[in-house]
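Input: one structure, supplied below.
Everything quoted here is computed from the prediction, not taken from an experiment. Below, read A as the first sequence line, B as the second, and so on, with proteins coming before strands; counting in each chain starts at 1.
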Protein chains: 2
Amino acid sequence: MHVQVPDSVSTLGPCGGCAHCLTCEARSRSICSVISPEHSARLARYSHRLSVPQGRSFIEEGQPAEDFFIVTSGHAKLFSLMPDGRRQITGFANTGQFLGLASGKTYAFSAEALDALTLCRFSRSGLSTLRRDFPALENRLMEEASRELVQAQSRMLLLGRKTARERLASFLVEQHHLQSGLDHRPPSDRTLTLPMSRTDIADYLGLTIETVSRTLNALQREHLIVIRFVTLITLLDLAALEAMARGD
Amino acid sequence: MHVQVPDSVSTLGPCGGCAHCLTCEARSRSICSVISPEHSARLARYSHRLSVPQGRSFIEEGQPAEDFFIVTSGHAKLFSLMPDGRRQITGFANTGQFLGLASGKTYAFSAEALDALTLCRFSRSGLSTLRRDFPALENRLMEEASRELVQAQSRMLLLGRKTARERLASFLVEQHHLQSGLDHRPPSDRTLTLPMSRTDIADYLGLTIETVSRTLNALQREHLIVIRFVTLITLLDLAALEAMARGD
DNA sequence: GGCGTGCCTTGATCCATATCAAGACCATTG
DNA sequence: CAATGGTCTTGATATGGATCAAGGCACGCC
């Protein structure tokens with residue numbers, strides 16, 4: 001069990017000078033991979049591990065952007081809300097992902113844990129120090145920003161111009177590529193474990209839950225996918241889904 | 001008149017060692033503003049001015065991203081295309097804007113001149129050199145990337161969740177803020193000069209030209225705007241438009 | 001001035017997706 | 001095992017914006 005702290009998240013331990021970075025499971029997939037292991041102590045001095053329970057929010061849009069985060073395990077959703085409650089999920093975050101680039105003085109999005117989540121927190125000043133001391137970090141952050149911008153472009157195309165079928169196909173193919181990159185899976189495994197609800201998928205794709213449900217079932221009827229459980233989907237015809245995602 | 005060069009753009013002059021950067025009108029609004037004027041010659045060594053006529057494309061999605069650009073005058077549209085011709089404009093670029101952050105090995109978007117456009121071109125290696133020599137550039141590029149990412153989030157919300165009226169209101173308010181930042185305009189001027197066509201507006205907002213036209217006329221009937229000419233629109237009630245843009 | 005040619009507007013109709021409304025499923029709890 | 005409550009599916013209907021189809025208007029060209 002973890003200990004509650006005022007700002008709605010929980011620390012796993014003080015870790016003031018400990019070497020959590022040396023044993024970090026997310027390291028190879030995060031910006032920290034550019035810092036060699038012998039400098040782990042430096043890294044650890046400016047970062048703190050914390051855990052966030054499922055459903056708990058840990059970044060609030062509009063709040064001063066004082067901290068940056070790296071996801072060390074679990075999944076998060078990043079979203080914007082309109083005053084009447086309309087929601088747009090701007091992205092999902094997996095292990096290794098850096099959070100906070102899309103911020104000026106304040107965060108441009110809110111973030112919430114989809115499942116049990118652990119994070120590594122950096123203060124703005126701590127990260128500045130690290131960036132100064134490890135110039136390779138600068139490049140890696142820039143790459144991260146570029147990658148996110150490229151992704152943002154394709155999401156604009158999806159949200160602005162694709163049909164519901166194309167959106168779902170794009171989503172499934174994207175999840176496949178994300179999950180096939182993971183260590184413990186055989187590359188031929190075409191079964192997805194979705195960490196998010198139908199509501200989240202709808203808010204990610206700019207659709208309603210009904211349309212998501214109906215469209216997934218339509219894809220199943222056409223033998224492109226099999227819905228084994230709500231959160232477990234097998235892609236039967238990846239090439240066809242990729243073609244549909246592109247819109248041809 | 002300018003000289004045609006193979007890759008469909010035109011150089012204004014060789015400028016090998018000349019000091020175009022010292023007199024650059026875009027400088028104060030671009031990333032170059034972090035480099036002090038006495039280093040202009042260095043800057044000029046790695047950059048080349050070129051001009052692009054209206055309607056000409058100068059970045060092609062999917063091509064190797066060998067060059068970066070800064071808009072020195074005029075306007076450009078950045079967009080993605082689907083195989084069947086559906087188009088999503090991901091952004092418009094004004095004087096000072098840096099182009100090329102949303103790229104890995106290849107460009108993630110195409111770019112085309114909306115009017116007579118002048119650009120400053122940096123090769124990838126030239127920019128790397130400058131980034132090494134002027135560390136302030138690094139920070140400025142990172143800020144630029146953050147700003148673009150914040151903008152991308154709000155565009156996803158617009159494309160995924162806003163109604164046609166809200167999209168047009170958002171667009172008009174955005175154009176107002178962009179144009180009221182310009183030197184030569186009195187801050188109270190609420191008349192916009194739009195550099196883009198109805199088709200471009202539609203492709204920017206994920207709508208059709210008919211819906212753009214109808215919705216603008218509806219806003220005029222409600223005395224929120226006056227359409228003086230196709231490309232000249234006065235905002236009568238900025239507060240109401242801002243509220244509509246937010247969705248409340 | 002007349003005449004294309006390209007945009008833009010306006011009207012009529014259609015349709016993909018939203019909305020509204022039950023039900024089904026499933027996990028949890030008493 | 002029944003009751004409860006959340007999430008998901010399925011069906012019926014509505015609707016915002018797309019599509020189809022004429023015009024209108026401005027600008028360049030002969």
(request) Could you check how far CD of Gln220(A) sits from C1' of dT10(D), rounded to whole Å? (result) 14 Å
(message) Just the rounded figure in Å: distance from P of dA16(C) to CG of Leu205(A).
(response) 19 Å
(message) Using whole Å, what does the distance between atom P of nucleotide dC7(C) and atom CG of Asp200(B) come to?
(response) 10 Å
(request) Measure the distance from CZ on Arg167(A) to P on dA16(C) and round it to the nearest whole Å. (result) 14 Å
(message) Less than 3.5 Å apart, any donor N or O on the side chain of Thr90(A) or Gln153(B) sitting next to an acceptor on the other?
(response) yes
(message) Heavy atoms from C-beta onward define the side chain here; which of dC8(C), dG17(D), dT10(D) lies closest to that of Asn217(A)?
(response) dT10(D)
(request) Quickly work out the Leu216(A) CG to dT10(D) P distance and round it to whole Å. (result) 11 Å
(message) Protein within reach of the bases, or only the backbone? For nucleotides 18-23 of chain D, mark each nucleotide 5' to 3' as B, S or -, using heavy atoms under 4.0 Å.
(response) SBB---
(message) Is a donor from one side chain sitting under 3.5 angstrom from an acceptor on the other, for Thr118(B) and Ser73(B)?
(response) yes
(message) Any donor-acceptor pair under 3.5 Å linking the side-chain atoms of Arg228(A) with those of Thr234(A)?
(response) yes
(request) Measure the distance from CE on Met196(B) to P on dC7(C) and round it to the nearest whole Å. (result) 16 Å
(request) Return the value, rounded to whole Å, for the distance between atom CZ of Arg228(B) and atom C1' of dC8(C). (result) 19 Å
(message) Between P on dT9(D) and CD1 on Ile227(A), what's the gap in Å once rounded to a whole number?
(response) 6 Å
(message) Please check this pair: side chain of Asp237(B) against backbone of Leu224(B), looking for a donor-acceptor N/O pair closer than 3.5 Å.
(response) no
(message) Is it the case that the side chain of Arg198(B) and the backbone of Ile209(B) share a donor-acceptor pair, with hydrogens and angles ignored and the cut-off at 3.5 Å?
(response) no
(message) Does Thr215(B) reach a base, just sugar-phosphate, or nothing at all? Heavy atoms under 4.0 Å.
(response) nothing
(message) I'd like to know if the side chain of Asn217(B) and the backbone of Ser213(B) have a donor-acceptor N/O pair within less than 3.5 Å.
(response) yes
